[in-house]
Amino acid sequence: VTRRTVLRALAAAPALYLAPRFAHAAEFTYKYAHNLPITHPLHIRAQEAVDRIKKESNGRLEINIFPSNQLGGDTDMLSQVRSGGIELFTPSALVIATVVPVAAINAVGFAFANYDQVWKAMDGSLGAHVREAIGKANLYAFSKMWDNGYRQITTSNRPVQTAKDLEGTKIRVPVSPLSVSMFKGLGAAPASLQFSEVYSALQTKIVDAQENPLPIIQQAKLFEVQKFASLTNHIWDGYWFIANGRAFKRLPEDLQKLWESAFNDAGERQRDDLRKMNQSIQTDLESKGLKFNTAAPDSFQAKLREAGFYAEWKKKFGDQAWGLLENTVGKLA
Ligand code: X2X
């Protein structure tokens, strides 16, 4: 075989001598950290998005995921994504509100009656309002919020039927001013702890109760250290998928478009995963020993009104944001 025939063969079959995909180091290598176990749909769908981004960018954008608080608790991850130590993070609305206060607006007690209202508001003008505020903090928020769920109360000592049952209860809440204010208003004794500390705080009885959506109670195995689950639906909580602002701007437009589409599509599928999970989750948690009851939301709302919770938070969020929320859910205060 002469040199010339080899060259001719190569010219005829370009695929043979093109560099294989992923042979080069990625142009952009980013870190994404979050606070959930890898069995949670948030992690599973994020992993799918990251795989798709790698494939469709021909390896130019590689994102490594650090799940389960591997890089620290929420407060640490939030400061890292702001400084650029990590490029991506999914804080709950409650948590990002320590930097962008208006982001907690979806967590106003008993605001959303159902998921239709949730997605109408968060995919609509209320979500846009919050994203703009996130943008002003030099962070970029992808347009689709991911679902955390309706928060429910679990305790180690007694079921919570009405607000009265919460009196003096030591309850863990996220690092969130709104959560603290709400549970103080309800007469409980809230303690702010990062999620990374919740399991051991319950196990060692530093607190007697916590509140989280059922998928988290299941995936983080909180049922092992709690006895009662009271269905209060007191807050609807979601995750913002956020990027460090400079890390976002650094990407060429085609990669910006790709990850926008990949994360938003994955977010829609994650919402659907949780919707399906919610259909059988109570039965599963009952089989693991949790005793369920359905609480009476009226007593909670009445107590919150009495405590001035709605008036206070309307003032804090401002008339514009509050009005956008009320456009979807009706009059709250
Ligand atoms: O910390 C929590 O409770 C959690 C997991 O729901 C959040 O991320 C706010």
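All values derive from a computational prediction rather than experimental measurement. Whatever order the structure lists them in is the order used to number ligands and atoms, beginning at 1.
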- [ ] Look at atom CD1 of Ile38 and say whether more than 12 heavy atoms of other residues, nucleotides or ligands are closer to it than 6.0 Å.
- [x]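 No, not enclosed.
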
- [ ] State whether the number of non-hydrogen atoms from other residues, nucleotides or ligands found under 6.0 Å of Lys227 atom NZ is greater than 12.
- [x]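 No, not enclosed.
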
- [ ] Verify the cluster assignment for Val102 and Leu78: are they in a single hydrophobic cluster under the rule of side-chain heavy atoms below 4.5 Å apart?
- [x]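 Yes, Val102 connects to Leu78 through the hydrophobic network.
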
TODO: Measure the acute angle between the ring planes of Tyr32 and Phe263, then classify it against the limits of 30° and 60° as parallel, tilted or perpendicular.
DONE: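 Rings of Tyr32 and Phe263: perpendicular, over 60°.
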
- [ ] Could you check whether the rings of Phe317 and Trp313 sit parallel, tilted or perpendicular, using 30° and 60° as the cut-offs?
- [x]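 Judged by the thresholds at 30° and 60°, the geometry between Phe317 and Trp313 is tilted.
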
Open item on the list: Show me, by chain and number, every protein residue that has a heavy-atom distance under 4.0 Å to ligand 1.
Closed with: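 Near ligand 1, by chain and number: Asn35, Ser92, Asn148, Arg151, Arg172, Pro174, Phe195, Asn212, Ile216, Asp237, Tyr239.
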
Task: Asp51 and Gln47: side chain donor to acceptor below 3.5 Å - done: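 Looking only at side-chain atoms, Gln47 and Asp51 do form a donor-acceptor pair, the distance falling under 3.5 Å.
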
